[in-house]
Amino acid sequence: MNQEKDRHTDREKNKYYYWKGIKVGMPICLGYFAVSFALGIAARNAGMTPGQAGLTSMLVNASAGQYAGFLVIAGDAGYLEMIVMELVANARYLLMSCALSQKLGPETGLLHRLLVGFDLTDEIFGVAVSVPEKLNPYYNYGMMTVAIPGWALGTLFGVIMGNVLPERVVRALSVALYGMFIAIIVPPARKNKVIGGLILIAMGLSFLFSILPVLSGLSSGVRTIILTVLISGGAAVLFPVEEEKENGA
């Protein structure tokens, strides 16, 4: 009798967190729709159909990773370059997954952990990690329920509109994706001069790589991989981040 009561209590708790996740996930959904619309333009420029682009966004919720993948597809590069590119572009999710796993209770099973990790985006991570108590996976499921369709539909409609609108308008809309990246890098650059300097260095080196005789012959994906490894590795050596001291230490 007590076990049945506990199961009923767990169901009610999961239901509560699920609907709470949907509520906090709605702003994420709307933001994703707007951003992924521009991503759909990039997918269209890579020659993808609306169905292909929408399915990609259903399975991969990663703006930088998807955009990098579309660049590789547009450049007609090989699978190895695609794999390396995605590993580099999405490496931060490994750290985010490790951090969020500490928020899950010990009773959380492997299946729930895998499902939570399936759609661990920057925004969902930020909301989930801010929960003061232990994280209920159904809280993430609620956010995923609205966030994933928002991202996928935005990408799909971006491709559709890219096929309908005049070429000049499509080129103008393509700039929106760069605006998204600018919105991502400007706030941390204003807070940290090192980050701002590294961004300027990355921009300068990227331009040089595109005009130098040997490097310009490489695909854009390979150049991005080389720059990412060089700049991030150099920054880690020259400007290491000090670990926060424990209270009372």
Side-chain angles (χ1 to χ4, degrees), residues 31-32 35-36 38-39 41-43 45-46 56-57 60-101 117 119-126 129 151 155 171 174-245:
Y32 279 1
V35 171
S36 61
L39 188 67
I41 299 295
N45 293 337
T56 300
S57 287
V60 184
N61 281 190
S63 56
Q66 283 183 258
Y67 182 65
F70 294 155
L71 286 179
V72 174
I73 294 173
D76 198 24
Y79 290 117
L80 180 60
E81 184 176 330
M82 173 71 79
I83 292 172
V84 175
M85 172 68 80
E86 292 305 313
L87 285 174
V88 172
N90 297 320
R92 71 186 187 278
Y93 294 120
L94 297 175
L95 301 176
M96 291 163 59
S97 297
C98 292
L100 194 62
S101 67
D119 192 41
L120 187 58
T121 64
D122 298 335
E123 294 75 17
I124 289 179
F125 171 80
V129 80
W151 187 257
T155 308
R171 291 177 181 176
S174 299
V175 180
L177 195 62
Y178 295 99
M180 177 194 70
F181 286 116
I182 291 174
I184 292 174
I185 64 177
V186 167
R190 294 179 63 183
K191 295 179 181 178
N192 192 316
K193 293 182 178 179
V194 173
I195 295 177
L198 291 174
I199 291 173
L200 293 177
I201 292 173
M203 293 171 64
L205 289 178
S206 179
F207 174 72
L208 288 177
F209 273 40
S210 67
I211 61 175
L212 291 176
V214 177
L215 295 173
S216 61
L218 301 174
S219 68
S220 60
V222 172
R223 294 201 301 267
T224 302
I225 293 172
I226 294 174
L227 283 171
T228 302
V229 173
L230 287 178
I231 296 174
S232 60
V237 174
L238 297 175
F239 308 102
V241 179
E242 297 182 0
E243 296 183 0
E244 296 183 358
K245 296 182 179 180

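FYI, the numbering just counts along the sequence from 1.
Interatomic distance, Asn45 CG to Ile73 CD1, rounded to the nearest 0.5 Å: 12.5 Å. Atoms CG and CG, on Leu200 and Leu205 in that order, are 11.0 Å from each other to the nearest 0.5 Å. The distance from atom CG of Asn192 to atom CG of Leu198, rounded to the nearest 0.5 Å, is 8.5 Å. The CD1 atom of Ile124 lies 4.0 Å from the CG atom of Asp119; values are rounded to the nearest 0.5 Å.
In this structure, Gly78 and Val72 approach most closely via the heavy-atom pair O-CG1, 4.3 Å. Looking at every heavy atom in both residues, Gly65 comes nearest to Glu86 through O-OE2, 2.7 Å. Residue Cys98 comes nearest to Ser101 through the heavy atom pair O-OG, 2.6 Å, listed as atom of the first residue, atom of the second, then distance.
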Can you list the steps and then say if Thr56 with Thr155 is a side-chain contact (heavy atoms from CB on, under 4.5 Å)?
CA-CA 9 Å; Thr56 300; Thr155 308; over 6 Å; no
Check against side-chain contact (heavy atoms from CB on, under 4.5 Å), Phe70 and Leu39
CA-CA 9 Å; Phe70 294 155; Leu39 188 67; 3.7 Å; yes
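You'll find the side chain of Thr121 stays beyond 4.5 Å of the side chain of Trp151, heavy atoms only.
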